[in-house]
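So that the names make sense, note that chain A is the first sequence line, chain B the second, and so on, each numbered from 1. These numbers come from the heavy atoms of this one structure, side chains and all, not from hydrogens, waters or symmetry mates.
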2 protein chains.
Amino acid sequence: MADEGFSDKNLTEGLVDPGQQARWFNRVREAHQAETAEDYVELIADLIEAQGEARVVDLANRFGVSHATVNKVIVRLNREGLVSNQPYRSLFLTETGKDLARRCKERHRVVLDFLLALGISPATAEADAEGVEHHVSEETLTAFRNFIARNR
Amino acid sequence: MADEGFSDKNLTEGLVDPGQQARWFNRVREAHQAETAEDYVELIADLIEAQGEARVVDLANRFGVSHATVNKVIVRLNREGLVSNQPYRSLFLTETGKDLARRCKERHRVVLDFLLALGISPATAEADAEGVEHHVSEETLTAFRNFIARNR
DNA sequence: AACAAAGTTTAGCCTTGGCAACAATTTGAA
DNA sequence: TTCAAATTGTTGCCAAGGCTAAACTTTGTT
């Protein structure tokens, strides 16, 4: 049944190396792991900057999830050393968390500005940037920056 | 404690509307839901085209996960009407599945070509495209196509 | 035909991130 | 001060997608 008419098992025209492809998908899975953490620290930093503090209820509102979900994630981020908080008090970022937030905001900025420079409407650019930002490499980010500079 | 020195609760400078932001994040979550299905039908279509058939073991190799994981996902895709298969036999796509695969491959092509046209190295372009493709809107895709055409 | 190898399925476990419902604490207003 | 409202935390549920180990089927060789 296998190879249906082919005698050469290595005849996999049009397909890349399996190991290579596996590494790509692995990278995407790792990005997904980090995504929640990145979104949370980024929003916490924004809220602290804009409102003086970040509360569970704010995060729940802005993410569009229940406060129970937010709380569960916060427990994890605390365990991982990104967030530091006391029971029933507002949320703070550790130094590591602040660092991550800074890098994420910068990356978000670049992706958003790039899409805008490309002529995408602001609403769509924001929506797309939110999903895309977690999956762009440094190399691509640099190319985005160059494009923005050229098209200013 | 709230608003720390602010008297106006609506003074949320620098932050977008919470409902708007919630919609963005919701869109990303929905994209994640669809991502696995899209990756699977795309790869199944590729394997059928290149090798005549798609088997669980091939998917496991190329995704870099165990065959048990692949099987579990296949059960779900079957339940959702994208994949049709008999026990211990190779995998097939339903018409719906073929349709989805076609659209995904086209989108992948556009994102990849766009990154290449931007000057990204092939290896990075492939890796980034794999993550980015699930998060680009039709509007952005159109802009990508235009850019590719202009820079051909 | 029999058997070993390869491939597939099943079972059981884990983590993440959803939810609702209920418990606990803090805050603000009478 | 007291008490209700708002906020936060806890518990228990679910689905998805990871894994290993073990059972089952198919395939190919001897």
C:dG17 phosphate, OP1 or OP2, under 4.0 Å from A:T36 side-chain N/O: yes
Please determine if a side-chain N or O atom of A:S66 lies less than 4.0 Å away from the OP1 or OP2 oxygen of C:dC19. yes
For A:R29 and C:dT15, what is the distance between atoms CZ and P respectively, to the nearest whole Å? 18 Å
Which nucleotide wins on minimum distance to the side chain of A:K72, given the candidates C:dC19, D:dG9, C:dT9? C:dC19
Measure CG/A:D39 against C1'/C:dG18 and give the value in whole Å, please. 15 Å
From C-beta outward on A:Y88, which listed nucleotide comes closest to its side chain: C:dG18, D:dT8, D:dG18? D:dT8
Return the nearest nucleotide to the side chain of A:V65; candidates are C:dC19, C:dT9, C:dT16. C:dC19
Just the rounded figure in Å: distance from P of C:dT16 to CD of A:E30. 15 Å
State whether B:N71 places a side-chain N or O below 4.0 Å from either non-bridging phosphate oxygen (OP1 or OP2) of C:dT8. no
So, A:H67 and D:dT8: ring centres less than 5.5 Å apart, planes less than 30° off, yes or no? yes
Donor-acceptor pair, A:T140 side chain versus A:V136 backbone, under 3.5 Å? no
d(CD, A:Q33; P, D:dA16) in whole Å: 18 Å
Find the distance B:N85:CG to D:dT25:P and express it as a whole number of Å. 16 Å
Without decimals, in angstroms, what is the distance between B:E53 CD and D:dT26 C1'? 13 Å
Measure the distance from CD on B:Q86 to P on C:dT9 and round it to the nearest whole Å. 10 Å
Using the side-chain heavy atoms of A:A68, tell me which of these nucleotides is nearest: D:dT8, D:dC19, D:dT11. D:dT11
Would you tell me whether B:N61 and B:H67 have side-chain atoms, one donor and one acceptor, within less than 3.5 Å of each other? no
Do any N or O atoms from the side chain of B:R62 and from the backbone of B:L43 form a donor-acceptor pair under 3.5 angstrom? no
Can you tell me which nucleotide in D:dG17, D:dT26, C:dA24 comes closest to the side chain of B:T69? D:dG17
CG of B:N78 versus P of D:dG17: gap in Å, rounded? 15 Å
Presence of A:R76 side-chain N/O under 4.0 Å of C:dG17 phosphate oxygens OP1/OP2: yes
Would you mind reporting whether B:L115 and B:D128 have side-chain heavy atoms less than 4.5 Å apart? yes
When the ring centroid of B:H32 is compared with that of B:H135, is the distance short of 6.0 Å? yes
Short side-chain N/O contact from A:R89 to OP1 or OP2 of C:dT27, under 4.0 Å: yes
side-chain N/O A:R79 vs C:dT16 OP1/OP2, d < 4.0 Å: yes
